[in-house]
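Comments concern the structure below.
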2 protein chains.
Amino acid sequence: MGITKTKQFTKIQNRKAELYKALGHPARIAIIEFLINQDSCVCGDIVNELPLSQSTISQHLKELKNVGIIKGDIEGVKTCYCIDDKVWAEFDDMCRLFMSSYSEKSKCC
Amino acid sequence: MGITKTKQFTKIQNRKAELYKALGHPARIAIIEFLINQDSCVCGDIVNELPLSQSTISQHLKELKNVGIIKGDIEGVKTCYCIDDKVWAEFDDMCRLFMSSYSEKSKCC
DNA sequence: TTATTTAATCGTAATATTACGATAGAATAA
DNA sequence: TTATTCTATCGTAATATTACGATTAAATAA
């Protein structure tokens, strides 16, 4: 089917999965790493850096934008992509909580 | 194409993406949450808990097992699934490093 | 104005994912 | 032995994802 039964799960479970899924592709990891490490946030610079076509990268940027991890600012002919502080913090909190909810003590086998 | 150009990215980028991707489905989030919060780790109990068929859940369990997040122990007729401490720690470390590599100071727009 | 640059979107092909029922195989119970 | 229980796997259908070239649209440059 290829269609996820979203309605069967909680809002929080879906949001969690959505954020993880957005980072579930090496190109999108590379894009985020680029935005963090480089001074530039210009779309064209990302395209030059990554081994994928312009249209493919544009598609990946859109997915990251859809979940809110990044935001795009059109500046004349160019577009500047940046990490969204609020969503990054949301993701950070969510991860910490999720990670720390498991302790080795609770293991059974 | 539906095929990821894995070879164009680093091992670490691919591993990161692979781990995130494994958690990029609400059913798999629910499975992990169940394993963390319940005493049980028996496959059948997971199937009873989640709103999906036995075969679908078996498939999701396999994906989590493939990236190493969980491991399965066959105990007679039943199978016990547990979180793998080592991989969980790897994921935790990876997340922390990734999250903390961004600071709001570095934002540009 | 016309040309150029930049990035989003469209169309499309190949492959992957999600989901289920049916089946199979292994372990235990009767 | 035979029946039952449990879970993995197979086969399949519907949908999603990934990737690219071509096109479009908007802004700037010539």
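All values reported here derive from a predicted model rather than from experimental measurement. Labels below follow one simple rule: chain letters A, B, ... track the order of the sequence lines, proteins then strands, and each chain is numbered from 1.
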Answer with base, sugar-phosphate or nothing: what part of the nucleic acid does Lys65(A) contact at a heavy-atom distance below 4.0 Å?
nothing
Describe the nucleic acid contact of Ile57(A) in one word from base, sugar-phosphate, nothing, applying a heavy-atom distance below 4.0 Å.
nothing
What is the separation between atom NE2 on His60(A) and atom C1' on dA19(D), rounded to the nearest whole Å?
8 Å
At 4.0 Å (heavy atoms only), tell me whether Leu61(A) reaches a base, stays on the sugar-phosphate, or touches nothing.
nothing
Quickly work out the Lys62(B) NZ to dC10(D) C1' distance and round it to whole Å.
10 Å
Can you tell me how the ring of His25(A) sits relative to the ring of Phe9(B), calling it parallel under 30°, perpendicular over 60° and tilted otherwise?
perpendicular
Report yes if a donor N or O on one partner sits less than 3.5 Å from an acceptor N or O on the other, where the partners are the side chain of Gln54(B) and the base of dA8(D); otherwise report no.
yes
Less than 4.0 angstrom between a side-chain N/O of Thr56(A) and OP1 or OP2 of dC20(D), yes or no?
yes
Considering just the side-chain nitrogens and oxygens of Ser55(A), establish if one lies under 4.0 Å of OP1 or OP2 belonging to dG21(D).
no
Is Glu18(A) salt-bridged to Lys21(A), going by a charged N under 4.0 Å from an acidic O?
no
Assign the ring pair Tyr20(A) / Phe98(A) to parallel, tilted or perpendicular, where the plane angle (0 to 90°) is split at 30° and 60°.
tilted
Considering every strand and a 4.0 Å limit on heavy-atom distances, what is the contact class for Gln59(A): base, sugar-phosphate, or nothing?
base
Closest approach of Ala22(B) to Ile69(B) (non-hydrogen atoms, all atoms of both residues)
CB-CD1, 4.2 Å
Check every strand shown and say whether Val42(B) touches a base, only sugar-phosphate, or nothing at a heavy-atom separation below 4.0 Å.
sugar-phosphate
What is the nucleic acid contact for Thr4(B), judged by heavy atoms within less than 4.0 Å: base, sugar-phosphate only, or nothing?
sugar-phosphate
Would you please confirm or rule out a distance under 4.0 Å between OP1 or OP2 of dA26(D) and any side-chain N or O of Lys78(A)?
no
Between dC6(D) and Tyr81(B), is there an OP1 or OP2 to side-chain N/O distance shorter than 4.0 Å?
no
Residue whose nearest DNA chain C nucleotide is more 5′ - Asp45(A) or Ala27(B)
Asp45(A)
